[in-house]
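Down below is the structure, laid out as structure tokens.
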Amino acid sequence: MSETSGLFKFTILALISFQTAASSILTQYCRGVRKETFSNVEMVVMGETIKMCISVVLTLWQTDDPHSLPNPVIKKPPWYSRLLSLLMNSKKVIVLVILYSISNICNLTAVEFIGAPMYTVCCQMKIFTTAAFGVLLLGKSYSSAKWRALLLLIIGCLMVSSPILRAVFEPDPNQQGERTDMYGHSTYEQLYGLAAAAVTLQFTISGFASVYFEGMLKNKEDAVSIWERNFQLAFYSILFLALSSYFKSSYDYMQGQTTQAYAYEPFAGWTAYSAGLCVMNAIAGLLVAATLKYADAVLKCFATAVAIIITSVLSYLLLGSSIDVFAALGMITTVLSIFNYALDTD
């Protein structure tokens, strides 16, 4: 039984690694090569909609199981009653959606004022915060070997991101004077503190949210299944995204940045490739929940690290990206960290 459980866990982690890598490659191809102009918000909303539909089907299929009824003589309630009950009892999930929303706001703030390269480097600290919250919230314990493996994982991810590191530490010869953001503000003197606080808050919230969701899925006293949790999460994510998109459009209109209060052209810039990317993102949401349910948030970080390696190799083979010696050493370091973590049985 333990071997089957271990094999199933490995399968889930392998699936999310390859899915994350494939999604990243397809995103680079759509945006970088084909120059597609689909809306990111629309992409996320449609992905959540697909995930919600899959979760509804699996939830209703699970409810239709006669063994799930306490008494087969009792008439089964209508199919929609279970869904309405889930939506009316979603306090925990709404907290999670709010956390993700705050994290997204921090993402935008950090990327705008310190740039995507530095932001990517700083976000590797999510590995540490995830492990730390696992100890604080779920009572997990990690041996010194496992903490060493996590440190190696962070170092390995940073080394794989060596092109990004060069963008951080090597000044742009075409840019004179101090670095500024898109509005001409000094990122170092005026807004660097705000950006640093935003990125710190982002990887802290991200680590907390992963562990919080893991605890929710693994709570044996909670009768809600993984598919029902995915339904709740998808529904309220769509609601929050729709509201935030509407208010942003209204704000831009009041500021004179647009000529219409809410101008929307559905599926503008979409192709078969972007539709495929949308489906992959929906599958990703289900795989993340399965990873947290049957593995844990720290192992998800390792799966993401493997995805970074796969993405780097596939980008080199398919999209002509470069892999330097530093990045290759980072891949080796990442693999060593995985073995270091997996082989420690304490």
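Excluded from the calculations below are hydrogen atoms, water molecules and symmetry mates; all remaining heavy atoms, backbone and side chain alike, are included. Just so you know, these numbers come straight off a predicted model, no measurement behind them.
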Check your understanding: Does Y100 OH have over 12 foreign heavy atoms under 6.0 Å away?
Key -> yes

Check your understanding: Should T129 and S206 count as side-chain neighbours, where that means a heavy-atom distance under 4.5 Å?
Key -> no

Review point. Tell me, do L83 and F235 make a side-chain contact under 4.5 Å, heavy atoms counted?
Key: no

Review point. Would you say the side chain of F302 lies within less than 4.5 Å of the side chain of L150, judging by non-hydrogen atoms?
Key: yes

**Study point:** Pairs touching residues 209-218 that satisfy side chain to side chain donor-acceptor pair (under 3.5 Å), sequence neighbours left out
**Key:** K140-E214, E214-K218

Practice item. Could you tell me whether the side chain of W227 reaches within less than 4.5 Å of the side chain of V57, counting heavy atoms only? Key: no

**Study point:** V93 and M216, any side-chain heavy atoms less than 4.5 Å apart
**Key:** yes

Review point. Any salt bridge (Lys or Arg N to Asp or Glu O under 4.0 Å) pairs touching residues 273-295, not counting sequence neighbours?
Key: none

Check your understanding: Can you tell if the side chain of I309 reaches within under 4.5 Å of the side chain of V335, non-hydrogen atoms only?
Key -> yes

Review point. Are R31 and F38 in a cation-pi setup, meaning NZ or CZ lies under 6.0 angstrom from the ring centre and within 45 degrees of the ring axis?
Key: yes

Point to revise | Within 45° cone and under 6.0 Å: K126 NZ/CZ vs F203 ring | key: no

Practice item. Mind telling me whether Y142 and Y341 have parallel, tilted or perpendicular rings, with 30° and 60° as the class edges? Key: tilted

**Study point:** Note, N281 side chain near C278 side chain (heavy atom, < 4.5 Å)
**Key:** no

Check your understanding: Would R229 and D222 count as a salt bridge (charged side-chain N to carboxylate O under 4.0 Å, His left out) if you check the C-alpha gap in whole Å, the side-chain angles of each, and the deciding distance to 0.1 Å?
Key -> CA-CA 11 Å; R229 285 299 186 199; D222 197 341; 2.2 Å; yes

Study note, to complete from the structure: Smallest heavy-atom separation, A131 atom then V298 atom, equals CA-CG2, 3.8 Å

Point to revise | Pairs satisfying salt bridge (Lys or Arg N to Asp or Glu O under 4.0 Å), at least one member in residues 268-291, at least two apart | key: none

